[in-house]
Amino acid sequence: MMRRYGQSVHTSSSRLSHHHYAITRTTVAVSRFRIQKPLDIASTLRFSRVFSQLPRFNSITGPRWYSCKPESPNSDQTKSAETHKCRSHTPSPSSLQFWTSTPTWRRAAVNTFRCLVGCTSGDFSAMWFLQMFYPELGVGSIMAVAMASGLTTSMLLETVLLRFGRDGLSWPAAAKTAAGMSLISMLTMEAAQNMVDYHLTGGAVAFDSPAFWAAAVTSTAVGFLAPLPYNYLRLRKYGKACH
């Protein structure tokens, strides 16, 4: 209940903030002024300046606070609204609730799989080619070149998917977006795959060996799982994907 002419304001709702209180006092002041004196142009301008300084309200619960910046219109993430969360409403990564978003895990898994296809195809192809024709390079050099090849094929594949997929970006925009992918995610994937492969097969590519294919499946699975939590973290906290 409220008393007239600018006296103390009482409300039965504890949810009203001091901003609501300021608006109520201003409204009472306007009513009092209009009773005492007709509202002229100067007074109208004065009260309009007062109202312009007050926060915008979404509902009676309080003002709307936005801490998220809009993403680029060419960003693939803008088309997945279920994964876009404002920072002020996203739980802390140290809490269990942060890691329980099923849509975000699904989107992160798709992004990681696309990266896995590109990295694995380039990695194994380079390893096979170098071991067949340049075996004198050694395992260390071959794996380093294979990792670089995997990164390259991953970005090339992503460029093609962004150009002809649902995004429909132009070639320059697709190439720029692919080049902006997370190198941390791809390097983690490549390193995990190569370490597991080297541990199981010594880095040898033998297509006629069942042990090689078993090692390939194992290293691929590890390469998929290694960067997945990081991709989820970037997608949930920052709205950024590796793809």
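What you see is a predicted model; the values in this text were computed from it and never measured.
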query: Going from CZ on Arg106 to OG on Ser101, what distance comes out if it is rounded to the nearest 0.5 angstrom?
result: 9.0 Å
task: Show your reasoning for whether side-chain contact (heavy atoms from CB on, under 4.5 Å) applies to Trp171 and Thr159.
output: CA-CA 7 Å; Trp171 283 112; Thr159 301; 3.9 Å; yes
- request: With rounding to the nearest 0.5 Å, note down the distance linking CG in Leu116 to CD in Gln193.
  value: 5.5 Å
message: Other residues, nucleotides and ligands only: do more than 12 of their heavy atoms fall within 6.0 Å of CZ on Phe113?
response: no
- prompt: Which atoms form the tightest heavy-atom contact between Arg163 and Ser170, and what is the distance?
  reply: CD-C, 3.9 Å
- line: Rounding to 0.5 Å, atoms CG (Asn231) and OG1 (Thr112) come to a distance of 4.0 Å
message: When you compare the side chain of Tyr230 with that of Thr188, does any pair of heavy atoms fall below 4.5 Å?
response: no
task: Decide whether Val196 and Phe224 are clustered together by the hydrophobic rule: side chain heavy atoms of Ile, Leu, Val, Met, Phe, Trp, Tyr closer than 4.5 Å, transitively.
output: no
message: Quick check: do Thr104 and Trp99 have side-chain heavy atoms less than 4.5 Å from each other?
response: no
- prompt: So do the side chains of Met195 and Val222 get within less than 4.5 Å of each other, counting heavy atoms only?
  reply: no
query: Is there a donor-acceptor pair under 3.5 Å between the side chain of Arg236 and the backbone N or O of Phe98?
result: yes
query: When the ring centroid of Phe212 is compared with that of Phe207, is the distance short of 6.0 Å?
result: yes
- request: Could you grab the distance from atom OG1 of Thr152 to atom CG of Leu157, nearest 0.5 Å is fine?
  value: 12.5 Å
query: Out of curiosity, does Val217 fall in the hydrophobic cluster containing Trp128 (side-chain heavy atoms, cut-off under 4.5 Å, transitive links)?
result: no
Whether Thr220 side chain and Ala216 backbone form a donor-acceptor pair below 3.5 Å: yes
- prompt: What heavy-atom pair brings Lys237 and Pro93 nearest, and what distance separates the two atoms?
  reply: CD-CG, 4.0 Å
message: Can you tell me how far apart CD1 (Ile184) and CG (Leu187) are? Round to the nearest 0.5 Å.
response: 8.0 Å
task: Without swapping roles, check the side chain of Ser121 against the backbone of Gly118 for a donor-acceptor pair under 3.5 Å.
output: yes
query: Which class fits the ring pair Tyr134 and Phe129: parallel under 30°, tilted 30 to 60°, perpendicular over 60°?
result: tilted
- request: Check the hydrophobic clustering (I, L, V, M, F, W, Y; side-chain heavy atoms under 4.5 Å; chains of links allowed) and say if Trp213 and Met132 are grouped together.
  value: yes
- request: For atom CD of Gln97, decide whether the heavy atoms of other residues, nucleotides or ligands shown that lie under 6.0 angstrom number more than 12.
  value: no
field: Gly150 versus Glu190, closest heavy-atom pair with distance
entry: CA-OE2, 3.1 Å
message: Are Met189 and Leu161 linked, directly or through intermediate hydrophobic residues, by side-chain heavy-atom contacts shorter than 4.5 Å (ILVMFWY only)?
response: yes
- prompt: Is Tyr232 reachable from Leu225 through a run of I, L, V, M, F, W or Y residues, each pair having side-chain heavy atoms under 4.5 Å apart?
  reply: yes
query: Do any N or O atoms from the side chain of Thr120 and from the backbone of Val117 form a donor-acceptor pair under 3.5 angstrom?
result: no
message: Looking at every heavy atom in both Gly122 and Ser149, which two are closest together, and how far apart are they?
response: O-OG, 3.0 Å
message: Other residues, nucleotides and ligands only: do more than 12 of their heavy atoms fall within 6.0 Å of CG on Leu137?
response: yes
- request: Write down the atom of Asp208, the atom of Pro210, and the distance for their closest heavy-atom approach.
  value: O-CD, 3.7 Å
task: Measure from the side-chain N and O atoms of Ser95 to the backbone N and O of Ser92, and report whether any donor-acceptor pair falls under 3.5 Å.
output: yes
field: Spacing of CG belonging to Leu235 relative to OG belonging to Ser182, to within rounding of 0.5 Å
entry: 11.5 Å
field: Non-hydrogen side-chain atoms of Asn194 and Met127 separated by less than 4.5 Å
entry: yes
- request: Please examine the side chains of Leu151 and Met147, heavy atoms only from C-beta on, and report whether any two atoms are closer than 4.5 Å.
  value: no
- line: Closest non-hydrogen contact found for Val205 with Gln131 is N-OE1, 2.9 Å
